[in-house]
Amino acid sequence: MTLTIPEEVKTLSSKFEASGHELYLVGGAVRDYAMGKPIYDWDFTTDASPEKILAILGEDAFYDNNFGTVGFPYKEGERPFEVTTFRTETTYSDARHPDEIKWGNTLEEDLKRRDFTINAMALKISNLNFKILNKEDIGIIDPYDGKKDIDKKLIRAVGDPIERFSEDALRMMRAVRIASELGFTIDEQTFNAIKMHAGSIHKIAHERVRDELLKILGSKYPYEGVLLLHGSGLMDEILPELSKTFGVEQKSPGRHHIYDVGTHSLMSLKNCPSGDAIVRFATLIHDIGKPQTYKVQDAIITFYNHEVLGARIAKNIAARLRFSKRDSDKLWKLVRWHQFTVDEHQTDKAIRRFITKVTPEYVEDMLALRTGDRLGGGAAETSWRLEEFKKRLIEVQKQPFTVRDLKINGSDVMKELGIKPSPKVGEILNKLFEDVVEKRVDNEKEALLEKLRQITES
Ligand code: ATP
Ligand code: MG
């Protein structure tokens, strides 16, 4: 593994050296480098004060927040370099914000305030090591044995985990998120400390919890991540509705279910073929309405209308976690309609109604949820009925869904008939739309104009 240092980094480093200051690469960049991955985020730390950094970097540099971070444009379209003065953190009285940001005097102090050992490594950037490009030759400054933890695939807190999580509760979500992104496990002591402190996650703004949760769901190992949320007790705090599905039995004679609702939910997520965080989330919570709709009738377990209640719960979760309107709509609609039938005797009209309810752009996502649901319940990935249904979905979508999908619009109608804007224009378009849906005319401009002449002549 060789480290390719961009010219811009060399220039940056020369500027700091020339003014007698130190410059280190830190954080995710060093972690990625030590893991043999390319570096995307160039974050640096230095002994120079923020004012000094600005003076060294010149007029292109900008202060981007009050944490003493100076941004410096690197390349068109790339994230700017970020240079931060050594920091040391004092006390946190609210498990959220340090009471004050204090500049540190040494690199050691700066690394000590970082969250996990694999994030607390630094690499000295100096003109000397530009030529030595072998990983073994470049001294990574690693006071907490982050490299060893990388080899062991372990997330371990720097110092006393109990103390570190009581300083900043968001670190618990970060531990799970980084583990899911890297496919790592969480060190036992660190994990026990999360169990102890899970309740304090409520001190963190919902938006920040949401960001970490969506990163977990969108990561390479979402299933393992959600298992960690469950096992650590964080799920009880941030998604109590999902915690309640564990242990809810759904086995009935002659029925296909092999798992309780919670386990089935996890297995569905594991098998969901979509990479989209919201689709994965919908797959995870699709049966979230089951605990409250559970009934036993003649030895058969039923969950009537669980999808209706589930959609309501999904909406509540989305509101609580401050999802965007778009993400919220997508989430609850996928939950609401997940019980769709693939019966081959449905009319085209019924299938079109289904597509309209789900929203045409989420149809693919709805199918991904169904695949996860099937595989997560021990069924085969697909069935001939599902395959036929997919073909019909494509077929019926060749027809327009609203007047707006017609290949002619109001001005075409007015031009063709030489009339001014009036409700009549809309009536004619509606009539043409009906004709297209009923297959009396193709949705083609020429054919529609021809039909238009016929309608008005008669
Ligand atoms: P990525 O950017 O790939 O998500 P990262 O490790 O760079 O991962 P950032 O959120 O960019 O994560 O943070 C940069 C560095 O700042 C981290 O590597 C870590 O050293 C430190 N850090 C970030 N958040 C915290 C925190 N809450 N407590 C302590 N240190 C933190
Ligand atoms: Mg980063």
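As the structure lists them, so they are numbered: ligands from 1, and atoms in each ligand from 1.
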Between the main-chain N or O of Leu393 and the side-chain N or O of Gln397, is there a donor-acceptor pair closer than 3.5 Å? yes

Looking at Thr117, Ile118, Asp168, the heavy atom closest to atom 27 (N) of ligand 1 belongs to Asp168

* Asked: Heavy-atom contact under 4.0 Å between Arg113 and ligand 1?
  -> yes

Judged by heavy atoms only, the candidate from Arg208, Arg177, Glu167 nearest atom 1 (P) of ligand 1 is Arg177

Q. Do His306 and His286 have ring centres separated by under 6.0 Å?
A. no

Practice task
Could you tell me whether Lys290 and Asp287 have a side-chain N and a carboxylate O separated by less than 4.0 Å?
Solution key: yes

>> Are any of the N/O atoms on Asp43, whether in the backbone or the side chain, positioned under 3.5 angstrom from an N/O atom of ligand 1?
In response: no

Among Met121, Arg174, Arg171, the residue with a heavy atom nearest to atom 17 (C) of ligand 1 is Arg174

Residue set satisfying ring-ring contact (aromatic ring centres under 6.0 Å, His included) with Tyr144, at least two apart, ordered chain then number -> none

May I ask you to check whether Arg114 has an N/O atom sitting below 3.5 Å from an N/O atom of ligand 1? yes

message: If you take the centroid of each ring, where Trp contributes its six-membered ring, are Phe44 and Phe81 closer together than 6.0 Å?
response: yes

So the ring-ring contact (aromatic ring centres under 6.0 Å, His included) pairs with at least one residue in residues 181-240 (sequence neighbours excluded) are His230-Phe246

Counting heavy atoms under 4.0 Å, the part of Asp41 that contacts ligand 1 is side chain

query = Touching ligand 1 at all, Arg31? Heavy atoms, strictly under 4.0 Å?
reply = yes

In this structure, is the centre-to-centre distance between the rings of Phe354 and Phe389 below 6.0 Å? yes

One finds that the ligand 1 atoms under 4.0 Å from a non-hydrogen atom of Gly27 are 18 (O)

